[in-house]
Amino acid sequence: MPSTHTELTKRHRAVLPDWLALYYDEPIDIDRGAGRHVWDAEGNRYLDFFGGILTTITAHALPEVTAAVSAQAGKILHTSTLYLNRPMIELAERIAGLSGIEDPRVFFTTSGTEANDTALLLATGYRASNQVLALRNSYHGRSFSALAVTGNRSWSPTSLSPVQTAYVHGSRRRGTPLADLADEEFTAACVSDLEDVLGQLHGNVACMIAEPIQGVGGFATPPDGLFARFKEVLDRHGILWISDEVQTGWGRTGEHFWGWQAHDANGKPDIVTFAKGVGNGLSVGGVVARAEIMNSIGAQSLSTFGGSPVTAAGALANLDYLIGHDLPGNAARVGAVLRKQLDAALGRIPAVVDVRGKGLMIGVELAHADGTAAPEIAAEVLEESRRHGLLLGKGGLEGNVLRIAPPLSLTESEAREGGRILLAALEKAGQR
């Protein structure tokens, strides 16, 4: 008899696209979760260090979120933005207060991709320009316009574009001519590169969109203060800054609530996009922008599903729990414990060439002795970790970076357990 997973994989491949990525040689069906653990359909238990791509930010099956969703679902599931929606208004008020944006307005979507689409629409319309700056190695979603500002070739299947995008240096260092520069020198080089690129464009540039830490790009992390220096240049030209906080928002980095705050609290973004963690698995994303920018769209608009009563109620409960239990602070504390374990691999396990990130957003880059990327080692570490009860993610331009992003309620003992499994998998894969 075929296993549950074997049969389900066969059915998946019969009806879903070939390009829909699946982890593992033998894919697993995650059947249920609780806290920081999940169980597959065959009863195997795993410590979850990826959270459904940085989305389960508080905990699996968090009772407060489950209760809020159930209560709202028992009243009404859907209305659309054509009617007043108390949960959506309350969530917007909460996010506006947390955003750091002056005179903020909030628009809800169903995903980070759609949020970045909206931000690009706002910025290009407000500035009457289709010229956009983005960072090399970036990822901003899978829609036509989001792919047009994605600098990571592994996730960008087309060169066709509704905008004219120019890419600048900013986060990725290994494998670039800037790899060996100290932080201050790297920042200065990136600012000079930005100035040079702007000098080659046609004057009126709409915006720069950037992730404070690149997610799919392998948690490539710029020096603190880099985006503040970028903002000085952008402001001189009237160019808007969109901070893509889909993965860095809600305290994921431990030190700040938003990723952009690591650069300069005074150099605020003009637009912030968000998704993932705010819903803890519910399909919610959105945009925060200054009122003059958000209100600049001249046509009527609406959203059928954005800010639905159910997702808004669940997201509110999730935010209440996250802030009330100081999970960003826990991310800083427990992240430091995990980071100490992983830092010990540098110089000890030859394949580990970099450990980076902040809080509970940690990347481990793998390479061969000659410095070339080692995506096959990353794939083997994922397999070996799964066999021993740990789920990880991977990314980077070459697919050679392990991505570690568990729920922010992770305990110290769970961090040590996961770190032990990961280090053992790295040692075994590196020997091969």
Side-chain angles (χ1 to χ4, degrees), residues 95-106 116 119 122-123 126-127 132-138 140 149 167-173 178 181-198 205-215 217 219-274 277 287-294 328-329 331-332 335 356-359 361:
I95 292 174
L98 293 167
S99 71
I101 302 291
E102 295 178 6
D103 192 19
R105 298 294 185 274
V106 182
N116 286 330
L122 288 169
Y126 183 80
R127 291 279 292 157
V132 173
L133 298 167
L135 267 57
R136 302 180 187 194
N137 195 47
S138 58
H140 297 288
V149 293
Y167 293 98
V168 300
H169 283 291
S171 295
R172 182 171 174 262
R173 299 172 74 159
L178 310 182
L181 298 182
D183 284 354
E184 188 174 337
E185 295 171 323
F186 179 83
T187 297
C190 290
V191 172
S192 295
D193 178 59
L194 172 60
E195 296 269 24
D196 182 63
V197 169
L198 285 173
V205 175
C207 63
M208 168 182 275
I209 184 168
E211 306 156 90
I213 296 176
Q214 292 183 326
F219 293 172
T221 306
D224 287 356
L226 173 73
F227 289 114
R229 294 284 304 280
F230 276 2
K231 187 69 161 60
E232 293 173 2
V233 176
L234 300 177
D235 284 349
R236 288 203 304 271
H237 295 271
I239 300 169
L240 303 179
W241 173 26
I242 302 170
S243 185
D244 179 345
E245 300 277 353
V246 169
Q247 297 198 26
T248 49
W250 320 111
R252 166 63 65 184
T253 66
E255 60 182 14
H256 299 288
F257 200 74
W258 303 103
W260 65 263
Q261 292 170 318
H263 297 272
D264 185 353
N266 295 317
K268 299 176 180 179
D270 300 286
I271 302 172
V272 168
T273 61
F274 61 84
V287 181
V288 189
R290 298 198 317 270
E292 63 178 301
I293 297 172
M294 185 68 82
R356 56 178 177 255
K358 298 180 178 184
M361 188 175 186

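Computation of the quantities below employed the complete heavy-atom set of this structure, encompassing side-chain atoms and omitting hydrogens, waters and symmetry-equivalent molecules.
Here the CH2-OG distance, from W258 to S99, works out to 7.0 Å after rounding to the nearest 0.5 Å. Annotation: the span from T253 atom OG1 to M361 atom CE amounts to 8.5 Å, rounded to 0.5 Å. Considering CD1 of I239 and CG of D270, their distance stands at 10.5 Å, rounded to 0.5 Å. Between the CG atom of N116 and the CD1 atom of I242 there is a distance of 7.5 Å, given to the nearest 0.5 Å. Here the SG atom belonging to C207 is positioned 10.0 Å from the CD1 atom belonging to I293, to the nearest 0.5 angstrom. Note that CG of L240 and CG of L133 are 11.0 Å apart. Values are rounded to the nearest 0.5 Å.
Listed by chain and number, the residues in a salt bridge (Lys or Arg N to Asp or Glu O under 4.0 Å) with R127 amount to none (sequence neighbours excluded). Shown here are the side-chain contact (heavy atoms from CB on, under 4.5 Å) partners of R229, two or more places apart in sequence or in another chain: T187, V191, E232. For F257, the ring-ring contact (aromatic ring centres under 6.0 Å, His included) partners at least two apart in sequence or on another chain are W250. Partners of A331 under the side-chain contact (heavy atoms from CB on, under 4.5 Å) rule, at least two apart in sequence or in another chain, are L360, L408. By the salt bridge (Lys or Arg N to Asp or Glu O under 4.0 Å) test, D193 is found to be paired with no residue, residues two or more places apart in sequence or in another chain being considered. Residues passing the side-chain contact (heavy atoms from CB on, under 4.5 Å) test with A188: none are found, sequence neighbours excluded. Not counting sequence neighbours, the partners of F230 by the ring-ring contact (aromatic ring centres under 6.0 Å, His included) test are F227. Considering only residues two or more places apart in sequence or on other chains, R356 meets the side-chain hydrogen bond (donor to acceptor under 3.5 Å, both in side chains) condition with D354, E365. Checked against salt bridge (Lys or Arg N to Asp or Glu O under 4.0 Å), E185 has no partners two or more places apart in sequence or in another chain. In this view, R105 and D103, A291, M294, N295 satisfy the side-chain contact (heavy atoms from CB on, under 4.5 Å) rule, not counting sequence neighbours.
Two residues are said to be in side-chain contact when any heavy atoms from C-beta on lie closer than 4.5 Å; S171 and E211 fail this criterion. Counting heavy atoms from C-beta on, the side chains of L198 and V233 come closer than 4.5 Å. The side-chain heavy atoms of I95 and V288, taken from C-beta on, include a pair separated by under 4.5 Å. With a 4.5 Å cut-off on side-chain heavy atoms, I213 and Q247 do not count as touching. Contact check for L135 versus M208: side-chain heavy atoms found under the 4.5 Å cut-off. Residues Y126 and E292 are in side-chain contact: their nearest non-hydrogen atoms beyond the backbone lie under 4.5 Å apart. Side-chain contact between L181 and L178 is present, with heavy atoms from C-beta onward closer than 4.5 Å. Annotation: side chain of R136 is not in contact with side chain of R172 (no heavy-atom distance under 4.5 Å).
Without hydrogens or angle criteria, D224 side chain to H263 main chain gives no donor-acceptor distance under 3.5 Å. At distances below 3.5 Å, at least one donor-acceptor pair connects side-chain atoms of T221 with backbone N or O atoms of F219. Using a distance-only test at 3.5 Å, with no hydrogens or angles considered, no donor-acceptor pair links the side chain of S243 to the main chain of G259. Between the side chain of N137 and the backbone N or O of G217, at least one donor-acceptor pair lies under 3.5 Å.
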Start with the C-alpha distance between V272 and W260, add both sets of side-chain angles, then the distance that settles side chain to side chain contact (heavy atoms under 4.5 Å, CB included), and finish with yes or no. CA-CA 9 Å; V272 168; W260 65 263; 4.1 Å; yes

Please step through side chain to side chain contact (heavy atoms under 4.5 Å, CB included) for the pair R173 and D183, ending with a clear verdict. CA-CA 10 Å; R173 299 172 74 159; D183 284 354; 2.9 Å; yes

Would you check, one step at a time, whether the test side chain to side chain contact (heavy atoms under 4.5 Å, CB included) holds for V287 with V106? CA-CA 6 Å; V287 181; V106 182; over 6 Å; no

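Minimum interatomic distance between W241 and P269 (heavy atoms only, all atoms of both residues): CE3-CA, 3.5 Å. Closest heavy-atom contact between A206 and A123: CB-O, 3.9 Å. What you find for G170 and F186 is that their closest heavy atoms are O-CE2, 3.4 Å.
Applying the salt bridge (charged side-chain N to carboxylate O under 4.0 Å, His left out) test to every pair with at least one member in residues 247-262, sequence neighbours left out, gives these pairs: E255-K358. Judged as a salt bridge (charged side-chain N to carboxylate O under 4.0 Å, His left out), the pairs with a partner in residues 235-245 (not counting sequence neighbours) are, in order, E195-R236, K231-D235.
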